Structure formats: structure tokens, C-alpha cells
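These notes are about the structure you will find just below.
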Number of protein chains: 2
Amino acid sequence: MDLVFEIDFQSDEALYTQLCNQIIIGIAKEMVHEGDALPSVRQLADAVGINMHTVNKAYTVLKQEGYVKVDRRKGAVIAVDINKLHALSEAKRDLRVLLAKASCMGLSKEEIHGLIDELYEEYGG
Amino acid sequence: MDLVFEIDFQSDEALYTQLCNQIIIGIAKEMVHEGDALPSVRQLADAVGINMHTVNKAYTVLKQEGYVKVDRRKGAVIAVDINKLHALSEAKRDLRVLLAKASCMGLSKEEIHGLIDELYEEYGG
DNA sequence: CATCTGTTATAACATATATATAACAGTTGA
DNA sequence: TCAACTGTTATATATATGTTATAACAGATG
């Protein structure tokens, strides 16, 4: 398991959301691949110092969004199978607000493209 | 006031967040400009059918983020003065997750740039 | 058979969201 | 001056969400 989980208890992001995002970013960075097993809910909960149910909620959300499947033998397993229509419309809604804020900040379209390139470099693409 | 406020009571977004986002997008679309007065908390609350305090929370958040100032005479007024350091680091955090999801969806960097261009067109360019 | 999976149930508590009623100080315009 | 309007603050209530806690269950593993 190449993933390193780090919980920020001061963050305004929910703990389960932090876990979800770290796993999704881990997939994009190719630190984990299809079929890789995630830590068990109890293991991960102990490792980062949170409750089992909080980890379980993260896994449940990831399962609903299509990043994870459950194998009775291996437990939670990476298995990317995303509903693109739904995911894309959600991404657009978020992007609209994000770009509006960027525009208010005075960022040009070119600067935004640069920002995208900078961040996207982290993901093999 | 060119802004039209529409509340989706079925949305998972908080009501005050919906108001914030619509105002920020309105600024980016240049539907409102520096110095324009926003509706009073009571007017807007009545207009969209929510509580005064929910509107007040939206205005308070917008004030903290630097999109609005309060003029004792005019009430809440558009006045874009954003802490770029803070706003940019927040934007990057959001973008990182958004791009990871896009990468998992199989979107190429070029397709993402296209998406940005499409959405950014709504804001004067 | 003991031990590990995810899952479910129940309970409890803190925080966030939203509403309701009420009041206050400053500003405006009649 | 005075009524009507600002944002702001205080208090209370209701509901939803997030998090923890304890416990149990069925299926798979070795």
C-alpha cells in the first residue's frame, strides 16, 4: 500500500471527506491501482486515530461514486467505474464557482490554464 | 439589480452557500459591479422564501471572503477585495480533488482545458 | 474454530443549518 | 422629530450531519 493517510483534525473538511479525497488523489497519482485492497475499516481507523464508522462512511461514499468495490475475500478494493454523466455535471457545477472566484481574483484564462497544468502534472496525464 | 436569486430546496448545498455562489458568479458575469447595493437581508429573505438569518449568514461569509462590504447607508454593497493568498490556496486544494476525479474519469488534459474554456466564456473572458 | 472481513443497529453527543421572535443603534427621508 | 429602513445581536427551537462508542451478525480465511 503506497497510500499514506493523514488526517487534519483542524480542517473544516469532514474526516470521511478527507479520506475519500486522499484515496481519489491516490488513484489519480497511480499510487494504487485496480484490484488493490484498501486497509480494513478497523485497521485504517486505528492507524489514523478515528472511529471505524467514519472510515466505513468514506468507503461507502467511494463505493457509491464508483471508486471502490467490495470483495468478500479482500475487503474494499480499488475498482474505478464512474458514472461519467453524473460526475461530469457535478464537476461542472464546482468548476463554475471555482472559475467565478478565480475571475474575481483577477486571474486570466491563461493563468488558470497554467494552474491546471501545474496541478495536473501530479497525475501521470 | 440584474441578479436573479433562485433557491433549490432539494439541493445538497446549504441555502446560504447557494446565495453566496450566485452572488460570486453574478460578479464574475459582470451582472453586478463594485458599489452596487445588494438587496437587504429582509427583502432577499422574503423574495426567495427563506429566513432573514440565512441571508445574513451568506452576507457575513461574503464579507469575510472579501466580496462585499457594509455601508451603513446603503447596506451590503459589492466591493471585491480578496485575500489572494488565502483564496488561491483554497482554490488549489479544491482543484486538486477536482482534477483527480477528472483523471479517474479518463478526461485528458486537453479535454479539461476545453471544459475550462467552455465555462470561462460565461465570465467576460 | 478462531479470526478477520464489511455491515448493521443502537445510542449518545457536538456541530451545522435553518427558522422564529425580538430587540438595538445608526441612517434616511418626510 | 419621527417613522421606516439598514445590518447586527441575542435567545430559543428543530432538524440534519458528523463522530464516537459498544455490540452483534454473516461470510471468508487459514
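Only a predicted model underlies this, so the values are computations on that prediction, with no experimental measurement involved. Letters A, B, ... mirror the listed sequences (proteins, then strands); counts begin at 1.
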Subject >> Integer-rounded Å distance: C:dG6 P and A:R42 CZ >> reply: 7 Å
Original post:
Atom CG of B:N51 to atom P of D:dA12: distance rounded to whole Å?
Top reply: 17 Å
Subject >> Option among A:I50, A:I24, A:L62 that satisfies the side chain to side chain contact (heavy atoms under 4.5 Å, CB included) test with A:L19 >> reply: A:I50
**OP:** Give the rounded distance in Å between these two atoms: CG of A:N56 and P of D:dT17.
**Re:** 17 Å
Original post:
Has the side chain of A:H53 got a donor or acceptor atom sitting under 3.5 Å from an opposite partner on the base of D:dT22?
Top reply: yes
Subject >> Smallest separation among heavy atoms of A:Y123 and B:S103, with atom names >> reply: CB-OG, 4.2 Å
**OP:** Quickly work out the A:M52 CE to C:dC4 P distance and round it to whole Å.
**Re:** 15 Å
Original post:
Nearest-Å distance, CD (A:E13) to P (D:dG18)?
Top reply: 12 Å
Original post:
Do A:V48 and A:L3 belong together in a cluster built from hydrophobic side chains that touch within less than 4.5 Å?
Top reply: yes
**OP:** Report which part of the nucleic acid A:R73 touches: base, sugar-phosphate, or nothing (heavy-atom distance under 4.0 Å, all strands).
**Re:** sugar-phosphate
Subject >> Residue B:K63, side-chain atoms from C-beta onward, closest of C:dT19, D:dT8, C:dT7 >> reply: D:dT8
Original post:
Which residue lies toward the 5' end of DNA chain D, A:R72 or A:Y16, if each is placed at its nearest nucleotide?
Top reply: A:Y16
Original post:
Within the structure, does a side-chain N or O atom of B:T54 lie under 4.0 Å from either OP1 or OP2 of C:dT17?
Top reply: no
Original post:
A:F9 CZ to C:dA14 C1': how many Å, rounded?
Top reply: 15 Å
Original post:
Rounded to the nearest Å, what distance is computed from the CD1 atom of residue B:I50 to the C1' atom of nucleotide C:dA20?
Top reply: 14 Å
Subject >> Spacing between A:Y59 atom OH and C:dT8 atom P, to the nearest angstrom >> reply: 16 Å
**OP:** Examine B:K57 relative to B:Y16 and say whether NZ or CZ is less than 6.0 Å from the centre of the six-membered ring and inside a 45° cone about the ring axis.
**Re:** yes
Original post:
Do NZ/NE/NH1/NH2 and the carboxylate oxygens of B:R93 and A:D8 come within less than 4.0 Å?
Top reply: no
**OP:** Respond yes when some side-chain nitrogen or oxygen of B:S40 is under 4.0 Å from OP1 or OP2 of D:dC5, and no when none is.
**Re:** no
Subject >> First encountered from the 5' end of DNA chain D, between A:K57 and B:Q43 >> reply: B:Q43
